[in-house]
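In what follows, every chain begins at residue 1, and chains take the letters A, B, ... in the order their sequences are listed.
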Number of protein chains: 2
Amino acid sequence: MSRSNPRVLSTLERAGGFASAQEIYRLMQREGESIGLTTVYRSLQSLVNDKIVDVLRRDDGEAIYRLCGDAHHHHLVCKGCGDTVEIEGGAIEKWAKVMAEEHGFREVGHTAEIFGLCSKC
Amino acid sequence: MSRSNPRVLSTLERAGGFASAQEIYRLMQREGESIGLTTVYRSLQSLVNDKIVDVLRRDDGEAIYRLCGDAHHHHLVCKGCGDTVEIEGGAIEKWAKVMAEEHGFREVGHTAEIFGLCSKC
DNA sequence: ATGGGAATGAAAATCATTTTCATTTGTGCT
DNA sequence: AGCACAAATGAAAATGATTTTCATTCCCAT
């Protein structure tokens with residue numbers, strides 16, 4: 001298994017903590033960094049595994065990565081401008097737990113995301 | 001511009017109102033319907049334009065379509081055997097609505113999925 | 001029948017992402 | 001230093017969904 005290349009994380013930070021793999025790659029190229037696209041993808045995967053970055057999807061399906069806070073949270077994403085708000089999911093945690101128990105599931109995790117149009121769009 | 005092929009919509013309904021373009025295509029093939037993948041994509045696009053169906057994204061980025069306003073359900077998926085249980089998400093609906101309103105979002109939808117290990121695994 | 005626009009679908013093009021695999025780099029050991 | 005072995009790297013090929021192209025077929029009003 002591979003470890004994350006630190007330059008990838010630092011580029012993601014510089015990009016405003018919000019970019020696709022391809023964008024990070026192009027950004028590094030433009031700045032004269034020598035790196036392969038493969039390594040960018042691998043590093044991002046590893047950062048996601050380590051829960052250092054979050055992965056979302058653009059409307060066109062391209063994956064976008066961004067630094068995430070430490071607390072477990074969910075997202076409210078605008079379909080128009082892509083603006084994202086981190087929100088609390090207390091209700092979800094409970095719901096997931098109850099549903100899982102009800103069906104005899106163990107080691108449960110969950111995903112939940114809300115999307116719509118923000119006030120500006 | 002092209003119009004939606006009615007058989008595509010009817011297949012989407014039959015699929016539980018929740019399927020990807022590829023799945024709809026395979027389903028129609030399996031049932032002996034003669035249709036091209038291109039037409040499936042075009043029909044879905046047109047249905048989305050007409051707001052008859054909604055488009056979401058799977059975790060892997062594949063687009064999934066579902067009938068608008070359809071009472072939708074969520075999934076409890078086993079990480080071990082892939083077994084899936086359909087569950088109610090009343091708590092989620094409420095949570096999504098409240099959170100969206102709180103941040104001034106309109107036309108909101110959401111995705112939520114629980115995963116873990118089922119009793120057999 | 002016939003002319004034209006819409007619908008169709010096979011095949012090629014696109015694009016993000018993953019896989020393969022040979023090469024390079026790093027690290028610990030003697 | 002020299003050696004061995006694991007991890008990291010990246011170019012190129014493979015994959016898979018989606019879109020585009022384009023020639024053909026269908027349908028409908030004249």
Side-chain angles (χ1 to χ4, degrees), chain A residues 1-12 15-66 77 79 82 84 111 113 115, chain B residues 1-12 15-67 79 82 111 113:
Chain A
M1 289 298 115
S2 72
R3 186 86 36 72
S4 158
N5 182 318
R7 288 176 298 151
V8 170
L9 179 54
S10 110
T11 304
L12 178 57
F18 204 141
S20 75
Q22 303 279 347
E23 284 165 358
I24 290 172
Y25 175 64
R26 284 192 289 265
L27 217 104
M28 295 180 78
Q29 294 249 300
R30 213 175 303 134
E31 293 178 358
E33 299 241 38
S34 165
I35 197 166
L37 186 53
T38 315
T39 302
V40 173
Y41 273 106
R42 267 194 292 241
S43 293
L44 287 170
Q45 268 169 4
S46 146
L47 288 168
V48 168
N49 278 345
D50 298 349
K51 319 239 188 223
I52 293 167
V53 311
D54 242 2
V55 55
L56 306 180
R57 294 273 167 187
R58 289 228 180 92
D59 266 4
D60 66 351
E62 191 173 357
I64 51 179
Y65 304 83
R66 63 170 219 178
V77 186
K79 285 188 280 195
T84 305
T111 60
E113 206 169 284
F115 47 86
Chain B
M1 285 294 118
S2 72
R3 203 60 34 146
S4 159
N5 181 318
R7 288 176 297 153
V8 170
L9 179 54
S10 110
T11 304
L12 178 57
F18 202 143
S20 73
Q22 304 279 346
E23 285 166 356
I24 290 171
Y25 174 64
R26 284 192 289 264
L27 220 107
M28 293 180 79
Q29 296 250 299
R30 214 175 303 134
E31 294 178 359
E33 299 241 38
S34 164
I35 197 166
L37 186 53
T38 315
T39 302
V40 173
Y41 274 106
R42 268 194 293 240
S43 293
L44 288 170
Q45 268 168 2
S46 146
L47 288 169
V48 168
N49 278 345
D50 298 349
K51 317 238 190 224
I52 293 167
V53 312
D54 241 3
V55 55
L56 308 179
R57 293 272 167 188
R58 289 231 181 91
D59 266 5
D60 67 350
E62 191 174 357
I64 51 180
Y65 303 84
R66 72 160 193 216
L67 295 164
K79 286 188 279 194
T111 60
E113 207 168 279

Which of dA17(D), dT21(D), dG10(D) is nearest the side chain of Ser34(A)? It is dG10(D)
- Contact class for Glu62(A) vs. all strands (heavy atom < 4.0 Å): base, sugar-phosphate, or nothing? sugar-phosphate
Checking Arg58(B), Glu62(B), Arg26(B) against Ser20(B) for side-chain hydrogen bond (donor to acceptor under 3.5 Å, both in side chains), the one that qualifies is Glu62(B)
**Request:** Please answer whether the main-chain N or O of Arg7(B) pairs with a side-chain N or O of Thr11(B) as donor and acceptor at a distance below 3.5 Å.
**Result:** yes
Whole-Å distance, Glu23(B) CD to dG16(D) P, equals 14 Å
Per atom distances to the Gln45(A) side chain, the nearest of dT18(C), dG10(D), dT8(C) is dT18(C)
- Task: Show your reasoning for whether side-chain contact (heavy atoms from CB on, under 4.5 Å) applies to Leu27(A) and Arg30(A).
- Result: CA-CA 5 Å; Leu27(A) 217 104; Arg30(A) 213 175 303 134; 4.1 Å; yes
Correct closest heavy-atom pair for Phe18(A) and Arg66(A) would be CA-CB, 3.9 Å
Side-chain atoms of Ala63(A) come closest, of dA17(D), dT17(C), dG9(C), to dT17(C)
Mind checking Ile35(B) for me? I need base, sugar-phosphate or nothing, with any heavy atom below 4.0 Å counting as a touch.
sugar-phosphate
* Test side-chain contact (heavy atoms from CB on, under 4.5 Å) on Arg57(A) and Asp59(B) and set out the steps. => CA-CA 8 Å; Arg57(A) 294 273 167 187; Asp59(B) 266 5; 5.9 Å; no
Here the distance between atom P of dG5(C) and atom CZ of Arg3(B), to the nearest Å, is 16 Å
Residues of residues 24-33 of chain A with a heavy atom under 4.0 Å from any atom of DNA chain C, listed by number, are none
Taken to the nearest whole Å, CG/Asp59(A) to C1'/dT19(D) is 17 Å
Separation of dT18(D) atom C1' from Ile64(B) atom CD1, nearest Å, is 16 Å
Exercise for review: Kindly say whether Thr39(B) contributes a backbone atom to a donor-acceptor pair with the side chain of Ser43(B) at under 3.5 angstrom?
Suggested key: yes
Can a donor-acceptor pair be found between the side chains of Glu33(B) and Tyr25(B) at a distance below 3.5 Å?
-> no
Rounded to whole Å, CZ of Arg42(B) lies from P of dA6(C) at a distance of 13 Å
Of the candidates dA8(D), dT17(C), dA10(C), the side chain of Thr38(B) sits closest to dA10(C)
Picking from dT17(C), dT9(D), dT18(D), the nucleotide nearest the side-chain atoms of Asn5(A) would be dT9(D)
Taken to the nearest whole Å, CG/Leu44(B) to C1'/dT19(D) is 14 Å
Atom OH of Tyr41(B) and atom P of dT21(D) are separated, to the nearest Å, by 17 Å
Between CG of Asp60(B) and P of dA17(D) the distance, given in whole Å, is 8 Å
